Amino acid sequence: MSRSNLLTFSALALAAPKPQDIDFSLVDAAPDADPAAPLTDVTVDTITIIPSTAMVTVVAAVVTDVASAQKRDFWESLTILILTLNSPDDSDTSFLNYAPFKVASSAAATQSGIPQGYSLAFSNLQASSQTVSYLSLKILSKYDPIVCASYCDQLDGCVALNLYFERDPSLNPNATSCANPKSLTNIKCVRWGVQITPDTAINDGQWGDNFHVVIAGSNGYNKNAAPCSQPGFTGPVELGGAINATNDSATNTNTYMGYKFFSFSQIQTYDNGVSACTAAYTSQTGYNSRHPPAKGNPAVCNQVVVYVLSNNNQPQGNYCSMYSEA
Ligand SMILES: *[C@@H]1O[C@H](CO)[C@@H](O)[C@H](O)[C@H]1NC(C)=O
Ligand SMILES: *[C@@H]1O[C@H](CO)[C@@H](O)[C@H](O)[C@H]1NC(C)=O
Ligand SMILES: *[C@@H]1O[C@H](CO)[C@@H](O)[C@H](O)[C@H]1NC(C)=O
C-alpha cells in the first residue's frame with residue numbers, strides 16, 4: 001500500500017483481504033519526530049500538549065498530507081547484548097564488581113533503554129525484587145528490557161518486571177564432593193503483579209554450601225497506566241501484542257479493514273494518538289456509509305487496535321489497525 005492511497009480514506013473501503021502484517025514502508029515514509037532533550041539552563045520548562053479534542057484536526061490533516069519524507073533505514077537488526085562474567089577469579093566479589101553488568105544496566109535505565117509503556121523503578125541494584133505477587137520468570141539470552149517487557153505484556157495482570165544478572169552454580173553445591181562449583185551467569189526476567197520499587201529489591205542472594213549466589217545490574221520497570229476510554233468505544237483492553245484477526249466464522253470474510261499511522265511529529269503523545277485513531281475510524285465508518293460498495297453493506301469499524309511502534313526502542317508513532325468485528 002503506498003503512502004498516498006493509505007492517506008486517502010477511500011483506500012480503506014476495499015473489500016479485498018489485506019495482509020495484517022505491519023506495513024514498515026509507510027512507517028519509514030512518515031515524518032520522524034525530532035528528539036528533544038530537556039533544557040539544562042532553566043529551573044522550569046513547560047511544553048504545551050495538544051488537547052486530545054484537537055486530534056480531529058490532526059486526522060483531517062493526515063488525509064491531505066503529502067509531504068515527502070526521507071526514508072530511513074531503521075529496521076536494521078538490533079544489537080544483541082549478551083554479557084556473561086569473563087573473570088579469571090570466579091568469585092562473588094568479582095561478579096559484583098564486573099563493569100559490563102553495570103554498563104548494561106545503566107544503558108537500560110536511560111530514556112532510550114526503557115521499554116515503551118514502562119517507567120523505570122530502579123536500576124543497577126545488587127538485589128532482585130521480592131513481592132507478594134510473583135508471576136514467574138524466564139532466563140533470557142541477552143540483557144534486554146524490551147524482551148523482558150514483551151514477556152510481561154504477554155500475561156494479563158503483569159504490571160512490573162525485574163531484569164538482572166545472577167551468579168548461579170553450574171552444579172548443585174554438595175558439601176562432600178563440590179562445595180563451591182564454578183559459577184555461571186543467568187540473565188533473569190521476572191514478572192510481577194504489583195508495582196516494584198527500590199524497597200522491594202531486597203533479595204541480595206543466598207549461600208548453597210560454599211557457593212554464594214549474588215545479583216548485579218538489577219533494573220526494575222513498572223507498566224504505565226492504560227489510556228483513557230474513548231467516546232463511542234468500550235475499553236481499552238490491554239493485549240500482549242498486535243493481533244492477526246481470523247475471518248468471520250459465519251461468513252468466512254476478512255474483518256481487517258486497514259490501518260493508519262500517526263507519527264509523533266503529529267500527535268506528540270500516545271494518548272493523543274489513541275484519540276486520533278478512534279477519531280479516524282469514526283470518520284472512516286462515516287465515509288464508508290456515504291460510499292457503499294456495489295454489493296453488500298459498507299464496512300463499519302467496530303474495533304481499533306492501537307500501539308506505539310518503535311525502532312530500536314525509539315518510538316516512531318501510533319499504529320492503528322481497524323476491524324469490522326470486536
Ligand atoms: C554429594 O556427593 C556425594 C559423593 O559424591 C554423594 O554420595 C551424595 O549423594 C551427593 N549429595 C547430593 C545431595 O547430591
Ligand atoms: C496472519 O494470518 C494470515 C491468514 O489468516 C496468514 O497468512 C499470516 O501469515 C498471518 N500472519 C502472521 C504474522 O501470523
Ligand atoms: C478470508 O476471507 C476472504 C474474503 O474476505 C477470502 O478471500 C479468504 O480466502 C478467506 N481466508 C480464509 C483463510 O478462508
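Every number for a ligand or one of its atoms is a count from 1 in the order of the listing. Only heavy atoms go into these numbers, but all of them, side chains included; no hydrogens, no water, no symmetry mates. These numbers were taken from a predicted model, which means no experiment stands behind them.
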(Q) If you take the nearest heavy atom of each of N247, T246, T255, T253, which one is closest to atom 12 (C) of ligand 3? (A) N247
**Q.** Beyond-backbone contact of E166 with V213, side-chain heavy atoms, under 4.5 angstrom
**A.** yes
Q: Please identify each residue that fulfils salt bridge (charged side-chain N to carboxylate O under 4.0 Å, His left out) with E238, with sequence neighbours left out.
A: K223
**Q.** Proximity to ligand 3 by part of N254, non-hydrogen separation under 4.0 Å
**A.** both
Q.
Between F95 and F101, is the ring centroid distance below 6.0 Å?
A. yes
Q: Validate the cation-pi geometry between R167 and Y98: distance from NZ or CZ to the six-membered ring centre under 6.0 Å, angle to the ring axis within 45°.
A: no
Q) Going by the order shown, which atoms of ligand 3 are within less than 4.0 Å of some heavy atom of N252? A) 1 (C), 2 (O), 10 (C), 12 (C), 14 (O)
